[in-house]
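What follows is one structure encoded as structure tokens, with my remarks underneath.
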Protein chains: 2
Amino acid sequence: MTVMETLTEAADNGTDICSVPPGRHPRPDGQDSYTISEVVAFTGLTAHTLRWYERIGLMPHVDRSHTGQRRYCNADLDWLDLVGKLRLTGMPVADMVRYAELVRAGDHTYGERYELLEATRRDVLARIAELRDTLAVLDRKIDFYGDAGRALASERPR
Amino acid sequence: MTVMETLTEAADNGTDICSVPPGRHPRPDGQDSYTISEVVAFTGLTAHTLRWYERIGLMPHVDRSHTGQRRYCNADLDWLDLVGKLRLTGMPVADMVRYAELVRAGDHTYGERYELLEATRRDVLARIAELRDTLAVLDRKIDFYGDAGRALASERPR
DNA sequence: TAAAACCTTGGAGTGCACTCCAGGCAAGCG
DNA sequence: CGCTTGCCTGGAGTGCACTCCAAGGTTTTA
């Protein structure tokens, strides 16, 4: 059975294709070995990106089959989950690589990892606050267009 | 007095240089005409970026002095505020240009503007939710490194 | 067993959002 | 008056995060 068919089947069996965002982790198996295209299906990343992550040191060296094809394990998927989360905080890839290096380096880097995560946490809190601010602005504008939609706009571009 | 001096003075007079994020809007005057470098000081954008925004149609055509230098008005600054907010939602510049075009086009685009803002609002809400999710993950990891900091890590990169 | 689908590599290309440069005009201070 | 500082333009360059390509080996399905 091809990956294509596996995916199609999974989608068809579900009651609602959209119940899970397109191309995100169902991670179905009780197994611990996945081809790159399965990982693509679970993570929503492209195979290109997965190989690129490996090249730049954002992924540990992934296991290979006897013919050299990548075989990802569940721990790899967990790591990619974390990377995905960090990515959408806006953390630069270089910083994530830094973190990966710390993890690789061993237990004596606990302190540094803690610092890095704490700093990231602060960034996330700050970004949430910014977004809330923006939300308030949007709500005001939306009200304006919704309710008083007929009054003349006072926005800049003439 | 040069802009440099104005800025230095403003910073020196305040009790804490960091009380306002570096390079953000105090917008001091009761005036309505600012040079590009003043706008740089208020918005934190570079002059390059301000000119670029104009080139790509993200700014309306800004007034000019009799010698051709840009003179921004308060409405321009308001617009830049909005752009700044939209920018940090991750909205692509092209979409902001689209919105600017709608505003320029006149009142009959109210509906479209409303749609665009509503869609953006939904995006912002979704992004806040994502960030909260990420925050939870970070908190778990931070706890791990903070409290049980001595247990062996189970993270991927070996 | 043959075709179709999948995987491999290094390196080049893309799109976005700036960012900088050269060369020159303008304005204000001493 | 000259010097420093600021501003102008078009176009080229940068950095990031992918994204794609060519050329070939592997695995799965019919």
Side-chain angles (χ1 to χ4, degrees), chain A residues 1-9 23 31 33-59 61-72 76 80 83-100, chain B residues 1-9 23 33-59 61-72 76 80 83-100 123:
Chain A
M1 201 202 295
T2 66
V3 167
M4 226 59 205
E5 282 159 5
T6 310
L7 282 179
T8 307
E9 188 189 304
Q31 258 221 102
S33 175
Y34 311 90
T35 66
I36 199 167
S37 66
E38 285 170 322
V39 177
V40 164
F42 299 159
T43 63
L45 298 168
T46 71
H48 296 302
T49 301
L50 286 168
R51 295 191 197 106
W52 179 67
Y53 277 3
E54 220 175 310
R55 271 215 295 259
I56 64 172
L58 184 51
M59 279 295 291
H61 286 302
V62 172
D63 283 352
R64 300 295 180 117
S65 73
H66 67 107
T67 54
Q69 298 195 348
R70 287 172 183 79
R71 293 294 176 256
Y72 293 82
D76 290 326
L80 285 171
V83 166
K85 293 257 181 267
L86 293 180
R87 204 167 50 111
L88 49 84
T89 69
M91 181 187 272
V93 165
D95 290 4
M96 293 190 265
V97 170
R98 172 88 190 118
Y99 183 75
Chain B
M1 201 201 293
T2 67
V3 167
M4 225 58 205
E5 282 159 5
T6 310
L7 281 178
T8 309
E9 189 189 304
S33 174
Y34 311 91
T35 66
I36 199 167
S37 66
E38 285 170 321
V39 177
V40 164
F42 298 160
T43 62
L45 299 169
T46 70
H48 295 302
T49 301
L50 287 168
R51 294 191 198 105
W52 179 67
Y53 277 3
E54 220 176 310
R55 271 216 294 261
I56 64 173
L58 184 50
M59 278 295 290
H61 287 302
V62 172
D63 282 353
R64 300 296 179 116
S65 72
H66 67 105
T67 55
Q69 298 196 350
R70 286 171 183 80
R71 293 295 178 255
Y72 292 83
D76 290 327
L80 284 171
V83 166
K85 293 259 180 264
L86 293 180
R87 203 167 51 111
L88 50 84
T89 67
M91 181 189 273
V93 166
D95 290 5
M96 292 192 267
V97 170
R98 171 89 190 117
Y99 183 75
D123 284 357

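The chains referred to below are lettered A, B, ... by the order of the sequence lines, with proteins before strands, and numbering in each begins at 1. These numbers come from the heavy atoms of this one structure, side chains and all, not from hydrogens, waters or symmetry mates.
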Task: Where A:Val39 and A:Tyr34 come nearest, the two heavy atoms and their spacing - done: CG2-CB, 4.0 Å
- [ ] Looking only at side-chain atoms of B:Thr35, point me to the closest of C:dA27, D:dC7, D:dT26.
- [x] D:dC7
Task: A:Thr67 vs D:dT27: side-chain N/O to OP1/OP2 distance below 4.0 Å - done: yes
Task: Considering all heavy atoms, the nearest B:Leu80-B:Tyr53 contact - done: CD2-CD2, 4.1 Å
- [ ] Let me know the distance between CG of A:Leu50 and P of D:dC20, rounded to the nearest Å.
- [x] 14 Å
- [ ] Grab the CD-C1' distance between A:Glu38 and C:dC7 for me, whole Å please.
- [x] 13 Å
Open item on the list: Whole angstroms only, please: what is the CZ-C1' distance between B:Arg70 and C:dC25?
Closed with: 14 Å
Open item on the list: Please give me the minimum heavy-atom distance between B:Ala100 and B:Gly57, naming the atom from each residue.
Closed with: CB-O, 3.7 Å
- [ ] Given side chain to side chain contact (heavy atoms under 4.5 Å, CB included), test A:Leu58 with A:Arg87 step by step and report yes or no.
- [x] CA-CA 12 Å; A:Leu58 184 51; A:Arg87 204 167 50 111; over 6 Å; no
Open item on the list: At 4.0 Å (heavy atoms only), tell me whether B:Arg64 reaches a base, stays on the sugar-phosphate, or touches nothing.
Closed with: sugar-phosphate
Task: Atom pair distance, as rounded to whole Å: CD1 in B:Ile36 and C1' in D:dC8 - done: 9 Å
Open item on the list: What is the separation between atom CG on B:Leu88 and atom P on C:dA17, rounded to the nearest whole Å?
Closed with: 14 Å
- [ ] Let me know the distance between CG of B:Leu86 and C1' of C:dC16, rounded to the nearest Å.
- [x] 17 Å
Could you write out each protein N or O paired with an N or O of nucleotides 18-21 of chain C at a distance under 3.5 Å?
residue: C:dC18; atom: OP1; partner: B:Arg87; partner atom: NH1; Å: 3.4
residue: C:dC18; atom: OP2; partner: B:Tyr53; partner atom: OH; Å: 3.4

Open item on the list: Rounding to an integer number of Å, can you tell me how far A:Gln69 CD sits from D:dT26 C1'?
Closed with: 6 Å
Task: Closest approach of A:Leu50 to A:Tyr72 (non-hydrogen atoms, all atoms of both residues) - done: CB-OH, 3.6 Å
TODO: Select from B:Pro92 and B:Arg71 the residue whose nearest nucleotide in DNA chain C is closer to the 5' end of that strand.
DONE: B:Pro92
TODO: Just do the side chain to side chain contact (heavy atoms under 4.5 Å, CB included) check on B:Met59 and B:Asp76 with the steps written out, would you?
DONE: CA-CA 8 Å; B:Met59 278 295 290; B:Asp76 290 327; 3.9 Å; yes
TODO: Please round to 10 degrees the angle between the axis of the first five pairs and the axis of the last five pairs in the helix from C:dT1-D:dA30 to C:dG30-D:dC1.
DONE: 10°
Task: Gap between atoms CD and P, on A:Glu54 and C:dG10 respectively (whole Å) - done: 11 Å
- [ ] Applying side chain to side chain contact (heavy atoms under 4.5 Å, CB included), run through B:Asp123 and B:Thr89 and close with a yes or a no.
- [x] CA-CA 8 Å; B:Asp123 284 357; B:Thr89 67; over 6 Å; no
TODO: Return the minimal non-hydrogen interatomic distance between A:Val40 and A:Thr46, and the atom names on each side.
DONE: CG2-C, 3.8 Å
Task: From A:Arg71, A:Arg70, A:Gln69, residue fulfilling side-chain contact (heavy atoms from CB on, under 4.5 Å) relative to A:Arg64 - done: A:Arg70
TODO: Assign each of A:Gly68 and B:Ser65 to its nearest nucleotide of DNA chain C by heavy atoms, then name whichever residue's nucleotide is nearer the 5' end.
DONE: A:Gly68
